[in-house]
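Have a look at the structure below, then the notes.
Proteins come first, then strands; the chains are lettered A, B, ... in the order of their sequence lines, and each starts at number 1.
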2 protein chains.
Amino acid sequence: MTRKSGDASRSTIRDVAARAGVSASTVSRVLGGVYPVSAATRGSVMRAVRELDYVADARAKAIAGAGTPTLAFVLEDITGPSFAHMAHGVEREATRLGHLCLVCSTEGDVRNELEFVEMMRSQRAAAVILVGGTADTPAYRERTQRMADSLASVGSRLVLCGRPPLDPGAPVTVIEYDNEGGAHTLVTHVLAQGHRRVLFLGGRADHTTALGRERGYLAAHRARGLTPDPSLVLHGDFTRDAGHRLMHQALVDGLEFSAVVAATDMVAAGALTALHEAGLKVPDDVSLAGYDDIPFARDLHPALTTVHVPYEELGRLAVRTALEHTPGTPDEHLLLGTHVVVRDSVGPGAVTA
Amino acid sequence: MTRKSGDASRSTIRDVAARAGVSASTVSRVLGGVYPVSAATRGSVMRAVRELDYVADARAKAIAGAGTPTLAFVLEDITGPSFAHMAHGVEREATRLGHLCLVCSTEGDVRNELEFVEMMRSQRAAAVILVGGTADTPAYRERTQRMADSLASVGSRLVLCGRPPLDPGAPVTVIEYDNEGGAHTLVTHVLAQGHRRVLFLGGRADHTTALGRERGYLAAHRARGLTPDPSLVLHGDFTRDAGHRLMHQALVDGLEFSAVVAATDMVAAGALTALHEAGLKVPDDVSLAGYDDIPFARDLHPALTTVHVPYEELGRLAVRTALEHTPGTPDEHLLLGTHVVVRDSVGPGAVTA
DNA sequence: TTGAAAGCGCTAACAT
DNA sequence: ATGTTAGCGCTTTCAA
């Protein structure tokens, strides 16, 4: 038992003042730092602070004008590797800039997002960062536009990180990366190996991240004068289980293909296992590529060819850009590049399907 | 451009009151919910609220006694899969119980931890959850005991989640899982396959998580009347890179072993790749096991035998237990069980080394 | 059912 | 250099 002051009997600045024989303002000044205070006064105040184990109530400071600023980020599930990396970038940069960092997992439920954003509005968070792709419906745009406006009205800022921009004029900071470009380059690489029937695997059918990558897949084909078979695009979600299930099903269905481009590395991992289970060798029998370049990609066997996305940088930039934003200034929209990481999972394919 | 009220001109409860032609208290009561207010009054207040797009300042509410409670969790790096799962559990349960959730990554620097805990004390967070193992030094115990006391003194609660308990009497809630037991069972399984020279790979030498697992490794040997060769324990850290590097070095050094037990699945993943690179087959030439049972473990090739840890549950319990704690009540200490997941990476070993 | 007034814990302008 | 006095935006007695 080492507890000093009685439990939960938080002492206030006035207790400290009384104990030190000075006024509350003096205590505030001593603790504040830079204001001129005599050494003697400072001494007795500090002693009182120590004896009482006093810490100023941050909420009271906040409301009085001082106080640590806060920033929030919202994602579907911190458990996804790319989410985790963005979150890490956000947290690091926020901390570096002296902000407290609130999180919320929506579990994919929009109502959670709405509710949380409203909460952040009342918290007067400096910025709210929506992390990760979404279904880009009119309802989404309208809803998000509203969030942007209502945050702006209390001096806060909405940030879309890895999420598509709204209509021009919305008070939003957007930090994206090039889903389409990355997929384009990746699929071009695959096609260059001679593959002609390339499966696109996983990702929610209505999800901007999946759609962007799919657009790249399509564009790469077209750029070569190829028209991909529509039955070669299989949707699901972004999990390893979806990859496993879809791949297994494709095999059972006797779908013809010589290469697989997965919507994410997670999907690719599941697909790889399904391929192995079917006795297929990668890349000898089937080539496989992923997207995201999560750390594990190197340890799949064969090591996974994939697209590297600067997730952490994305998170950092989201924070920095949002906090630097000056109202009245044009809204920022950044698009970060990606690059293909060639490893061992894509090999030559017969040109004749 | 849809912004309604002038930018950043947050309206206050008084603005709403004025607009609705009532007093501030009435507005407060209407918004508060359960207090009796006439339908007419409620109507005009709500309209004013809507027109002004008013949200009560959460900080002001907090200081006035109402206000959403807050909870914080601290971890080294959200990017680690097991951390991410604990974080997810924490966040879910906190949200479920109506709490806001603050995060902090320490990046392994104790000063960040100290600073953040002090911050949380001033935020009057309901609880602060320290997530993940650590070096269990006297300095650590003293420091942490101090955090526990100082949090308790403001009515907050320190929680150790996946981290060793302090000396009895410290005002702390502890939720652990059985590192030693899990490793014991796992290594027993490996030894039962006939392996006699089992490498223990990775983990920081001074880290409780690694040490607990190592103790289980040792105990399993002793239980069979075996004395493991001390040169078979190789420390590093918990990353896949460490696993790769250590495994590679062990191979170069010509260390003799027929099985490898990695401190974590991440380490195992790196080790597996190093093994493959050396042309060794798992489990034919060398058996390999991990610890944590992260989702990817299934997709390594061969699928990794490992120990399942209920990380998410751990996080959830940490929150629930902490928030349910009543001062004066005995301090909780939970120890969750683990179980071995047998997959394909451990095979029979020659009994003669 | 509603309003006036006090107070939450702090900071800051305004005196001395 | 230090104390006094107002607030900050909200809730909550206490009266009416």
To the nearest angstrom, the CZ-C1' distance between A:Arg14 and D:dG3 comes to 14 Å

Report the residue (A:Ala24 or B:Val37) whose heavy-atom-nearest nucleotide on DNA chain C is the more 5′ of the two.
-> B:Val37

Would you call B:Glu51-B:Arg47 a salt bridge at under 4.0 Å N-O?
-> yes

Rounding to a whole Å, what distance do you find between B:Leu52:CG and D:dC10:C1'?
-> 16 Å

Okay, side chain of A:Thr144, backbone of A:Tyr140: is any donor-acceptor separation there less than 3.5 Å?
-> yes

Give a yes/no answer on whether the side chain of A:Thr41 brings an N or O atom under 4.0 Å of OP1 or OP2 in D:dA1.
-> no

From the options D:dG9, D:dT11, C:dC10, select the nucleotide whose nearest atom is closest to the side chain of B:Ala66.
-> D:dT11

Only one of B:Arg59, B:Arg124, B:Arg121 forms a salt bridge (Lys or Arg N to Asp or Glu O under 4.0 Å) with A:Asp57, so which one is it?
-> B:Arg124

Taking only N and O in the side chain of A:Lys61, is any of them less than 4.0 Å away from OP1 or OP2 of C:dG9?
-> no

Please step through side chain to side chain donor-acceptor pair (under 3.5 Å) for the pair A:Ser153 and A:Ser150, ending with a clear verdict.
-> CA-CA 5 Å; A:Ser153 81; A:Ser150 78; 5.7 Å; no

Using only side-chain N and O atoms of A:Ser25, determine if any of them is under 4.0 Å from OP1 or OP2 of D:dT4.
-> no

How many Å lie between CD1 on A:Ile63 and P on D:dA6, as a whole number?
-> 18 Å

Return the 5'-most residue of the pair B:Val55, B:Arg29 with respect to DNA chain D, ranking by each residue's nearest nucleotide.
-> B:Val55

Can you find a donor-acceptor pair, distance only, under 3.5 Å between A:Arg124 side chain and D:dG9 base?
-> no

B:Thr26 or B:Ala64: which one's nearest nucleotide on DNA chain C is closer to the 5' end?
-> B:Thr26

Protein-nucleotide distance (A:Leu31, atom CG; C:dC10, atom C1'), rounded to Å | 11 Å

Look at all strands and tell whether B:Ser28 reaches a base, only sugar-phosphate, or nothing, counting heavy atoms closer than 4.0 Å.
-> base

Whole-Å distance separating the CG atom of B:Asp57 from the C1' atom of D:dC10 | 8 Å

A:Leu102 side chain reached by A:Met119 side chain, heavy atoms, under 4.5 Å | no

Could you tell me whether the phosphate oxygens of D:dA1, OP1 or OP2, come under 4.0 Å of any side-chain nitrogen or oxygen in A:Ser38?
-> no

Would you classify A:Arg59 as touching base, sugar-phosphate or nothing, given that sugar-phosphate means primed atoms plus P, OP1 and OP2, and contacts are heavy atoms under 4.0 Å?
-> nothing

Would you say a side-chain N or O of A:Thr12 is under 4.0 Å from OP1 or OP2 of C:dG9?
-> no

